[in-house]
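See below for the structure under consideration.
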There are 2 protein chains.
Amino acid sequence: MTRISSKQNPVIQRIRAAIRGDGDEIVLEGRKAIADAILGGWMPIAVLERGVDITDKLFDTLAQTRSPQGELGLFARPRTTAAAILARRDTIAIALDGVQDPGNVGTIVRLAAAFDAAGVLLLPGCADAFGPKAIRSSAGAILTTPVASVTVEELLAADVPLVATAMSGAPVPPPARNAVLVFGNEGAGVSEELLRHSTLLAIPMSGRVESLNVASSAAILLAQSFGVR
Amino acid sequence: MTRISSKQNPVIQRIRAAIRGDGDEIVLEGRKAIADAILGGWMPIAVLERGVDITDKLFDTLAQTRSPQGELGLFARPRTTAAAILARRDTIAIALDGVQDPGNVGTIVRLAAAFDAAGVLLLPGCADAFGPKAIRSSAGAILTTPVASVTVEELLAADVPLVATAMSGAPVPPPARNAVLVFGNEGAGVSEELLRHSTLLAIPMSGRVESLNVASSAAILLAQSFGVR
């Protein structure tokens, strides 16, 4: 078999488009992430191993991480809707309001899988959950966790109780089900409009810091919610 | 007052050395982080405001983040010892074993402050807690949280119970005091030698992911430990 060496190769073109975030496909990197996806029932469109299926040189222009045993897997981008995520009331869903760091978005997708949330809803202003950095931070959970965009209007119309963290909130655990946990922008927090419609709770802390990183807050609340489910 | 415009200026030289991690000083970026540090009792050696104390051009060569209202603050690097951290038995301490990502190290320093841990002990192989990325992720907590290097031998000799997370651990909450919570490398986890000396506990999860990000695990366990203190 000939190693692919040309950028013009149609599979390479699709991988490049997927990395740019164009179209209906995503790229996973690394043997472990690809194996996990396949075990999870995702059939790859293509898997390219560095130096075997593709020249080292071309591979290195595509991969985000350096590895002599590199693999790239092209998969169909999972599709779901906000309505499908909001319909599940036996657990909680997550809504992100302007979470700008793709590492935070991906980490929260991983947490959603770990603690069996219905999915992650992306309000306007969030980083792309299907971009390379978010996919990497999700550790493959991007394929097994429903993720969909949502507007403030859709979220409010769904009539699921909203729960957000705020300094002024009550120091009580989050609900186990039938709720959307809303996490806000790294600097500004959750928008005023959503706060007005949310039950506010606070994570008990020492007072030595003003706030937590959004992914840390999500980890704590999702673990608590799972623990009482 | 003249704006500093020369790289040869002695304060600029000290800032550059601090950013490189040389010597006994660290740099905080941003008005809020600097104000927090001053409120916390830290007297800056110098504060430089972009366009006021220092030319925009020179400022931009030093700052990690782009901001038209940028400020850089030079502070003495806080000094503490592993022995001082390990002496506090009314709370828990944290030990990081080969945590390589400076964002994870900084986030865990911020969590240590939030949940009143005695401090963060850095075993060999950890990212520099005083580097620019870790300082930024700590959101200023690097100044208020004791951080010190430690060897495996020193940690074991201190005779404080060690607690580590492992898939095979018991699904019980962490202790509130008189313990060191050990968190391991992003890929390989906690080293075998330390695992052998640790009580193992597991964070109850859905089984849809194999593990959590190390900072997520720390967030969950530190919040639990604080909650029962």
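Chain A is the first sequence line, chain B the second, and so forth, proteins listed ahead of strands; every chain is numbered from 1. These numbers come from a predicted model, not from an experiment.
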Exercise. Which atom names give the shortest non-hydrogen contact between B/Ser216 and A/Ala219, and what distance separates them?
Worked result: O-CB, 3.8 Å
For this session: Can you see which heavy atom on B/Thr145 is nearest to which on A/Arg208, and at what distance?
Result: OG1-NH2, 3.7 Å
Seminar exercise, completed: Filtered by a 4.5 Å non-hydrogen cutoff, the part of residues 104-137 of chain A contacting chain B is A/Thr107, A/Arg110, A/Leu111, A/Ala112, A/Ala113, A/Ala114, A/Phe115, A/Asp116, A/Ala117
Problem set entry | Contact class of B/Ile220 relative to chain A, heavy atoms under 4.5 angstrom |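 The answer is both parts of B/Ile220.
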Exercise. Under a 4.5 Å heavy-atom cut-off, does chain A meet the side chain of B/Ser217, its backbone, both or neither?
Worked result: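 Neither part.
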Seminar exercise, completed: If one checks every heavy atom of A/Leu212 against chain B at 4.5 Å, the contacting part turns out to be both
Exercise. Can you say whether A/Gln224 sits under 4.5 Å from chain B via the side chain, the backbone, both, or neither, judging by heavy atoms?
Worked result: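 For A/Gln224, there is no contact with chain B at all, as no heavy atom is under 4.5 Å.
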